[in-house]
Amino acid sequence: MSDKTLIAEGLNTIFQQRASSIVIGLTGRTGSGCSTVAKEILSLEKFSEISLKDIEIPMRTHEDRKKKIIKSWLNTHWKPFTIIQVSHVITSFALESFNGFRQIVSDVAKDDLFDSQVLIDQGLDFVQINLSNNFKGILNNIENCEDEEIAQAYDYYFKKLPIYSEKIKEYLNKAKEGIYTKTYQTLGDTIRTSGLNNLSQTQAAQLFALPSRIHQLIKLCSRHNQLIGQNHNYFAIDALRHQFEIRYFKERIPSFYAMAVTTEEETRRNRLLALGLRVKEIDALDAKEYPIKNKTYQDFVSQNIQACLEISDIHISNLSKTNPKDITELSYQVIKYVALMQHPGLVTPGSIERCMQAAVAARMNSGCISRQVGAVVTDENYSIKAIGWNDVPKGQVPCLLRYSRDVIRNNGDVISFSDFELKNEKFKNQLKKEDVVNSELDEIKGRHITYCFKSVYSNLTGEKNQVHTRSLHAEENAFLQVSKYGGQAIEGGNLFTSASPCELCAKKAYQLGIKNIYFIDPYPGISSSHILGVGDNRPTLNLFSGAIGRAFHNLYESIMPYKDEINSLIVTSDRLI
């Protein structure tokens with residue numbers, strides 16, 4: 001066998017290993033389109049079933065050329081994903097602790113409406129449900145179970161459990177309006193709090209109960225796939241709504257990608273209204289998924305979509321306004337990244353992706369202890385002119401590098417602390433009341449103790465005002481770099497920011513003549529509708545679509561130079577994937 005043939009087969013082995021396992025964790029607000037991505041794209045058996053637009057020939061843009069390459073690859077390599085619905089996983093816990101489940105339903109409904117007989121009449125097999133704890137035992141010991149046990153557990157979790165879960169959903173929706181969504185949100189929070197076994201006992205160890213169960217199901221299905229001779233293990237989790245559950249998978253599964261599905265707020269709410277939800281129910285959903293407070297343990301274990309978006313690897317925009325059923329653009333975005341998961345470097349990133357990657361990388365420089373934000377300013381040709389992140393002015397010390405007790409001791413560190421902080425007794429007295437400095441410690445468990453000036457000052461005055469923050473916002477920092485280091489033309493250019501600009505930064509972008517603003521996470525204020533929603537030179541707000549962070553490198557870094565790959569594969573193309 002020639003060296004070229006051996007190299008080709010070795011390369012084939014590398015790509016087979018790469019493409020054998022993929023796990024996508026979908027996340028996004030209710031109504032954004034996570035279930036559409038799972039059910040109408042990723043789960044389809046044949047690539048030809050996916051809704052895609054034809055490519056115009058001759059191709060006129062780089063994007064069309066990329067689409068042709070992606071479609072050509074997936075025509076040969078497409079494999080369907082097994083969908084793991086988090087709601088069904090929650091049901092598995094509910095059936096293992098049925099009394100706790102009954103109690104939660106009653107508490108949410110504010111009356112005892114749970115009628116087991118009605119569920120039995122609907123077709124729930126309670127004999128099978130009572131065996132759920134036996135299957136739980138198999139999940140905890142997958143590696144040592146017999147093939148027959150694996151087959152039985154697979155049948156329960158992937159065939160029967162979804163039926164049970166849908167029947168419970170049907171019953172709850174009929175029993176009382178809006179009860180299903182609130183019940184399952186409460187169940188999810190309770191599982192993270194106590195595991196559902198003991199509702200009155202909080203156990204921090206249960207924080208990862210849901211992702212741990214999902215991970216077990218992935219292992220179970222992979223073992224079952226091995227038994228039936230299936231050599232690929234592709235899973236899509238619909239949907240993750242807690243940031244630490246996403247981190248759980250990132251730390252344990254190398255082939256895991258968090259894929260955020262986003263849409264414009266008006267479009268999202270209209271979709272939910274079309275599904276029959278009332279405005280009051282949608283508002284309750286939004287309050288649950290985008291919490292304002294995070295002070296109690298209940299806040300800590302509850303859903304937080306904003307935090308999930310911040311740590312997602314891939315962002316998909318679902319923006320079909322004219323025809324909600326048209327998912328052709330959504331489909332292409334999804335399949336592009338599936339192809340890159342299988343074969344990194346198959347196509348190159350676009351200008352928008354490249355610039356947002358720089359903004360996301362820049363945010364790591366921020367010394368803000370509340371939130372890190374990055375921003376990039378480009379000209380109209382996407383040439384980067386300035387990079388910024390939220391941080392204190394040059395010459396001052398960011399909050400992350402300060403010690404709270406130094407203010408109380410008044411050690412004269414005028415570089416780290418302002419005259420106000422060191423000399424204003426009302427502020428210092430307020431600081432002493434704060435949890436972070438009400439001890440004599442400089443450190444706790446190896447972590448130095450510092451504080452957020454804005455939070456302390458707001459507690460002192462009873463007012464919330466962005467003017468009092470120590471840091472410049474990422475966007476204004478980037479704008480100031482242009483002025484500080486030499487004027488460059490940015491009128492008609494673009495702003496990239498990991499979070500959409502607040503009212504103050506939106507005004508600056510408008511005044512500078514920024515044409516497009518690309519963002520990942522929407523700011524909760526009125527900048528888009530008020531500051532940017534007036535006048536005849538309005539910047540366009542664009543939800544970002546693309547890969548960032550580690551995914552940017554994992555998906556776009558080639559395993560070997562493409563020239564060498566093609567030269568090696570051409571000799572034995574009949575035996576290669």
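Any value given below was found using the heavy atoms of this structure, including those in side chains, with hydrogens, waters and symmetry copies removed. All of these numbers come straight from a predicted model, not from anything done at the bench. Start at 1 with the first residue, then count along the sequence.
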Rounded to the nearest 0.5 Å, how far does CZ of F93 lie from CG of L187?
-> 11.0 Å
Check step by step if side chain to side chain contact (heavy atoms under 4.5 Å, CB included) holds for L319 and E264.
-> CA-CA 7 Å; L319 298 176; E264 292 180 342; 3.7 Å; yes
Derivation of the side chain to side chain contact (heavy atoms under 4.5 Å, CB included) call for C308 and I246 | CA-CA 7 Å; C308 290; I246 290 177; 3.8 Å; yes
Just do the side chain to side chain donor-acceptor pair (under 3.5 Å) check on E289 and T30 with the steps written out, would you?
-> CA-CA 8 Å; E289 294 179 350; T30 301; 2.3 Å; yes
Pair S317-S545, side-chain donor/acceptor within less than 3.5 Å = no
Examine the side chains of S35 and D238 and answer whether a donor and an acceptor come within less than 3.5 Å of each other.
-> yes
Short question: side chain of T263, backbone of N318 - any donor-acceptor pair under 3.5 Å?
-> yes
With a distance cut-off below 6.0 Å to the six-membered ring centre and an angular limit of 45° from the axis, does R247 pair with F249 as a cation-pi contact?
-> no
For the rings on Y180 and Y171, is their centre-to-centre separation under 6.0 Å?
-> no
Please determine, by modelled atom types, if K288 and S302 share a side-chain donor-acceptor pair under 3.5 angstrom.
-> yes
Can the positive tip of R550 be found less than 6.0 Å from the middle of the six-membered ring of Y257, inside 45° of the ring normal?
-> yes
side-chain hydrogen bond (donor to acceptor under 3.5 Å, both in side chains) with S222: which residues, sequence neighbours excluded?
-> none
Please check if the distance between the ring centroids of Y556 and F552 is under 6.0 Å.
-> yes
Trace of the side chain to side chain contact (heavy atoms under 4.5 Å, CB included) decision for D313 with M259 = CA-CA 6 Å; D313 303 300; M259 181 179 285; over 6 Å; no
Name of the residue among I314, T27, L309, L26 meeting side-chain contact (heavy atoms from CB on, under 4.5 Å) with V261 | L26
Which atom names give the shortest non-hydrogen contact between C145 and N141, and what distance separates them?
-> SG-O, 3.0 Å
Charged N to carboxylate O below 4.0 Å: is that the case for E143 and R223?
-> no
Closest approach of H553 to G549 (non-hydrogen atoms, all atoms of both residues) = CD2-O, 3.5 Å
Could you label the plane-to-plane angle of the F208 and Y248 rings as parallel, tilted or perpendicular, counting under 30° as parallel and over 60° as perpendicular?
-> tilted
On a heavy-atom basis, the closest approach of E96 and Y157 is OE2-OH, 4.0 Å
Taking the six-membered ring where the residue is Trp, are the ring centres of Y156 and F135 under 6.0 Å apart?
-> yes
Should the pair F300 and Y297 be assigned to parallel (<30°), tilted (30 to 60°) or perpendicular (>60°) ring geometry?
-> tilted
Quick one: pull up CZ in F47 and NE2 in H77 and give me the separation to the nearest 0.5 Å.
-> 12.0 Å
With distance as the sole criterion, is a donor-acceptor pair present between the side chains of E565 and H343 under 3.5 Å?
-> yes
Does one side chain, of D189 or T186, offer a donor that lies under 3.5 Å from an acceptor on the other?
-> no
Heavy-atom closest contact (Q333 atom, H315 atom, distance) = OE1-O, 4.4 Å
Kindly determine whether K67 and D54 satisfy salt bridge (Lys or Arg N to Asp or Glu O under 4.0 Å), including the steps that lead there.
-> CA-CA 10 Å; K67 287 180 179 180; D54 293 332; over 6 Å; no
Stepwise salt bridge (Lys or Arg N to Asp or Glu O under 4.0 Å) test for E329 and K53 = CA-CA 8 Å; E329 184 56 35; K53 289 181 180 178; over 6 Å; no
Does the T183 side chain pair with the main chain of V105, one donor and one acceptor, at a distance under 3.5 Å?
-> no
Residue pair E170, K167: steps toward the salt bridge (Lys or Arg N to Asp or Glu O under 4.0 Å) verdict | CA-CA 5 Å; E170 181 183 351; K167 288 189 176 295; 5.2 Å; no
Answer yes or no: is there an ion pair linking D283 with R269, defined by an N-O contact shorter than 4.0 Å?
-> yes
Donor-acceptor contact below 3.5 Å, side chain S255 vs main chain S21 = yes
Find out whether Q85 and K39 are in side-chain contact, i.e. whether some heavy atom of one side chain is under 4.5 Å from a heavy atom of the other.
-> yes
Taking only Lys NZ, Arg NE, NH1 and NH2, and the carboxylate oxygens of Asp or Glu, determine whether E49 and K46 approach each other closer than 4.0 Å.
-> no
Assess whether side chain to side chain contact (heavy atoms under 4.5 Å, CB included) is satisfied between K219 and Q216, documenting all intermediate values.
-> CA-CA 5 Å; K219 291 178 179 179; Q216 288 174 323; 5.6 Å; no
Would S92 and Y164 satisfy side chain to side chain donor-acceptor pair (under 3.5 Å), going step by step from the backbone distance to the final call?
-> CA-CA 9 Å; S92 74; Y164 299 156; over 6 Å; no
Pick out which of I70, L74, L555 makes a side-chain contact (heavy atoms from CB on, under 4.5 Å) with L346.
-> I70
If you count the non-hydrogen atoms of other residues, nucleotides and ligands that lie under 6.0 Å from CD in E443, is the total more than 12?
-> yes
Please work out whether the ring planes of W78 and F81 are parallel, tilted or perpendicular, with thresholds of 30° and 60°.
-> tilted
Going through the checks in order, is the salt bridge (Lys or Arg N to Asp or Glu O under 4.0 Å) test met by E245 and R192?
-> CA-CA 10 Å; E245 292 172 352; R192 298 184 192 102; 2.7 Å; yes
Q230 CD: over 12 foreign heavy atoms closer than 6.0 Å | yes
